[in-house]
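Input: a single structure, listed below in structure tokens.
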Amino acid sequence: MTDQAMANPTSAVATHAVRVAYDGTEVVHGIDLDIASGDVVALLGANGSGKTTLVKALLGVLPLTAGTVSLLGEPLGRTVPWNRIGYVPQRATAATGVPTTPLEVVASGLLAGHRLRLPRDSRARSIAALGTVGLADRARDNVAELSGGQQQRVLIARALVKEPQLLILDEPNTGLDAESQDALVRALQRDTTPTTAHAPMTLIMVLHEIGPYAPLITRSVILRDGLVAEDRAAAPTPHDPAHPLGDPHHAHPGPIPPHHRTPDLEWRP
Amino acid sequence: MFTDPLMLRALAVAVLVGAAAPVVGTFLVQRRLALLGDGIGHIALTGVALGWLVGSWMGLVPRDALAIPGAVIASVVGATAIELIRARGRTSGDLALALLFYGGIASGALVIKIAGGTNANLVAYLFGSISTVSTADVVTTAILAGLCLTVGLTVRSALFAVSNDEEVASAAGLPVRALNVTLAALAALTVTTAMRVVGLLLVSALMIVPVAIAQLIAKSFAGTMALACIVAIAVSVMGLSLTYWYDLPPGATIVVLAFIGHGSVVAIRPLIAARRRRLAA
């Protein structure tokens with residue numbers, strides 16, 4: 001197979017000529033992307049540029065009308081290692097019609113692919129993931145009683161519980177206060193830093209503005225009208241007239257030196 | 001009353017149905033599809049009539065021997081169809097349900113007439129006929145209820161994941177469509193199982209009202225489901241027992257008891273909440 005999407009086996013995500021329709025209207029008009037393992041990609045663009053549609057198509061939530069996608073080296077389908085892929089949708093609430101605990105929501109993140117039953121250590125792993133987002137003490141409350149930001153953190157914990165190799169966040173700022181955002185940045189920084197113990201996580205973030213994520217980002221892909229308008233290393237810099245999406249309110253602080261990195265996440269003061 | 005074999009059979013059926021109905025009901029409430037059971041109940045009526053029609057063609061005695069198999073087949077086919085229509089997104093959920101309600105009732109009344117019966121023959125199915133259960137009925141109910149409980153509890157985590165967040169379940173590579181169809185088929189089996197106890201018009205009440213009561217008290221999904229099963233068994237047994245001494249319709253009595261239970265919990269809930277706050281402080 002000479003398919004471009006299959007060309008590089010070390011790609012975390014590879015797409016070739018991907019087209020996606022939403023409610024019968026084509027929104028994504030042919031996108032080629034090759035995201036290397038360990039990359040931290042900011043997916044930027046105005047409202048309606050196709051960011052969320054593209055991300056949903058990458059994960060198989062929306063069907064492709066044309067093109068191919070491969071995730072972690074496998075073509076989209078049953079052979080993808082789904083237990084290594086985390087996804088946080090753009091969503092305001094984690095509540096449904098029935099009372100549910102954060103523990104139950106997070107544990108459901110351990111089901112993937114052919115695994116339809118929870119592993120034996122699901123409880124311990126879910127509590128650990130809730131600890132990562134600072135909600136271990138709320139594990140057995142009703143999730144509907146948590147604040148919007150806390151519910152968003154439960155959804156992030158549901159993606160982190162499987163210790164993903166590829167993590168996709170759609171507008172992670174929804175409902176997060178500045179402090180929670182900074183703590184999320186630190187947690188993501190830790191997971192995307194290569195260590196001897198594990199390969200770095202590949203991270204794709206749909207963002208409206210770069211904000212506090214600037215130091216993490218190794219690549220920016222800017223969509224316009226369902227096509228890649230720009231694709232460049234690192235975050236768009238502020239005051240750059242070519243990049244109106246660069247956020248002028250946050251000066252680019254550059255990478256945080258290793259000795260300044262916080263080893264463990266603190267969500268609370 | 002515990003020496004009356006008829007009453008014992010009826011109680012056995014009531015306990016089985018009470019245990020099974022809220023398991024599926026909890027998932028339906030979670031998905032905000034609380035009325036799905038009603039839609040399926042209406043299709044099941046067409047199934048009852050079709051079973052009757054086939055039974056009378058074959059000259060079976062009694063003529064409604066195939067009513068329950070007919071209801072099972074029609075409701076499973078109908079529930080699967082609703083799910084597939086919903087997944088395609090062509091028809092909104094409430095419109096699809098409305099079509100089922102009217103199509104089911106009208107076809108049922110039409111087919112029963114063609115089969116040589118009258119609408120009166122359908123009344124036993126519409127309002128339940130638990131006081132006339134045979135040993136064979138108990139066996140059928142036990143098999144259906146056992147099937148619902150086994151499947152519902154075996155894939156509970158996966159059904160939870162899909163009902164909790166279908167998009168994320170799909171992005172995790174879970175077999176979302178197969179799980180949705182499984183849930184729809186389980187709902188259909190539950191409806192036909194509970195049909196004998198409370199009747200098709202009230203079948204959904206036994207699936208949904210105990211969940212409505214339990215979610216007022218429980219904090220977790222597992223707790224809601226367990227409590228709803230206990231409530232459903234309790235009101236089924238209590239309602240049936242009342243009909244042993246008083247001349248009351250069993251299905252309606254059971255459902256009214258459940259409603260009284262719901263009202264009572266709503267009334268005393270502020271007291272429970274205040275007590276919890278005091279204990280927490």
Side-chain angles (χ1 to χ4, degrees), chain A residues 23-24 55-63 71 74 76-91 93-105 107-119 122 139-145 155 158-159 162 164 168 170, chain B residues 22-23 25-36 87-90 151 153-179 182 208 210-228 273 276 280:
Chain A
D23 278 341
V55 155
K56 285 185 181 176
L58 292 183
L59 289 163
V61 175
L62 290 176
L71 297 175
E74 291 289 335
L76 197 58
R78 293 175 141 251
T79 53
V80 168
W82 292 109
N83 58 335
R84 310 301 295 159
I85 298 172
Y87 171 50
V88 182
Q90 188 181 359
R91 186 150 306 164
T93 175
T96 55
V98 172
T100 308
T101 62
L103 191 60
E104 289 173 318
V105 174
S108 73
L110 288 166
L111 303 179
H114 305 292
R115 176 175 270 288
L116 300 183
R117 306 196 63 179
L118 294 175
S122 69
R140 288 178 176 80
D141 288 347
N142 182 353
V143 79
E145 288 164 8
L155 298 182
R158 177 177 59 186
K162 48 170 103 163
I168 299 184
D170 192 350
Chain B
V23 170
T26 311
F27 291 115
L28 295 183
V29 175
Q30 187 187 19
R31 317 194 66 156
R32 304 184 200 279
L33 280 176
L35 290 176
L36 181 67
R88 290 191 126 207
R90 293 284 164 85
V151 177
L153 297 179
T154 308
V155 291
R156 194 178 83 171
S157 301
L159 290 176
F160 172 88
V162 169
S163 304
N164 185 253
D165 195 330
E166 190 166 323
E167 181 187 337
V168 167
S170 171
L174 290 172
V176 169
R177 179 171 293 181
L179 288 166
T182 302
I208 303 301
V211 180
I213 297 173
Q215 55 98 28
L216 291 170
I217 302 164
K219 281 185 164 186
S220 68
F221 183 85
T224 305
M225 189 182 272
L227 191 57
R276 270 191 189 154

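For clarity, every value in this text was computed on a predicted model and none was experimentally measured. Lettering of chains follows the sequences in order, A, B, ..., and the numbering in each one begins at 1.
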Do NZ/NE/NH1/NH2 and the carboxylate oxygens of B:Glu166 and B:Arg31 come within less than 4.0 Å?
yes
So for A:Ala95, is it side chain, backbone, both, or neither that comes closer than 4.5 Å to the heavy atoms of chain B?
backbone
Can you list, pair by pair, the side-chain donor-acceptor contacts under 3.5 Å of residues 108-118 of chain A, counting residues two or more places apart and other chains?
| unit_1 | atom_1 | unit_2 | atom_2 | d |
| --- | --- | --- | --- | --- |
| A:Ser108 | OG | A:Val105 | O | 2.6 |
| A:Arg115 | NH1 | A:Arg117 | O | 3.0 |

Between A:Leu59 and A:Trp82, what is the shortest heavy-atom contact and its length?
O-CH2, 3.5 Å
Looking only at B:Arg156, B:Met225, B:Gln215, B:Arg32, the option with the highest number of non-hydrogen pairs under 4.5 Å against chain A is B:Arg32
In sequence, state the C-alpha distance, the side-chain angles, and the governing distance for A:Asp170 and A:Val88, and then conclude on side-chain contact (heavy atoms from CB on, under 4.5 Å).
CA-CA 6 Å; A:Asp170 192 350; A:Val88 182; over 6 Å; no
Taking A:Arg158, A:Arg140, A:Arg78 one by one, which has the highest count of heavy-atom pairs under 4.5 Å against chain B?
A:Arg158
If you count heavy-atom pairs within less than 4.5 Å of chain A, which of B:Val176, B:Val29, B:Asp165 leads?
B:Asp165
Examine whether an atom of B:Ser220 lies under 4.5 Å from a heavy atom of chain A, and if so say whether it belongs to the side chain, the backbone or both; otherwise answer neither.
both
In terms of the angle between their ring planes, are B:Phe221 and B:Phe160 parallel, tilted or perpendicular, with boundaries placed at 30° and 60°?
perpendicular
Listed partners of A:Glu104 passing salt bridge (charged side-chain N to carboxylate O under 4.0 Å, His left out), at least two apart:
none
Which heavy atom in A:Lys162 sits nearest to a heavy atom in B:Ala172, and how many Å separate them?
NZ-CB, 4.0 Å
As an exercise: rank A:Thr96, A:Val143, A:Asn142, A:Leu58 by heavy-atom pairs under 4.5 Å with chain B and give me the winner.
A:Thr96
Option that, when pairs with chain B are counted at under 4.5 Å, heavy atom only, ranks first among A:Ile168, A:Thr100, A:Thr101:
A:Thr100
Under 4.5 Å to a heavy atom of chain A? For B:Ala171 that would be both
For A:Val80, is it the side chain, the backbone, both or neither that has a heavy atom under 4.5 Å from a heavy atom of chain B?
neither
Answer with side chain, backbone, both or neither: which region of B:Ala34 has an atom nearer than 4.5 Å to a non-hydrogen atom of chain A?
neither
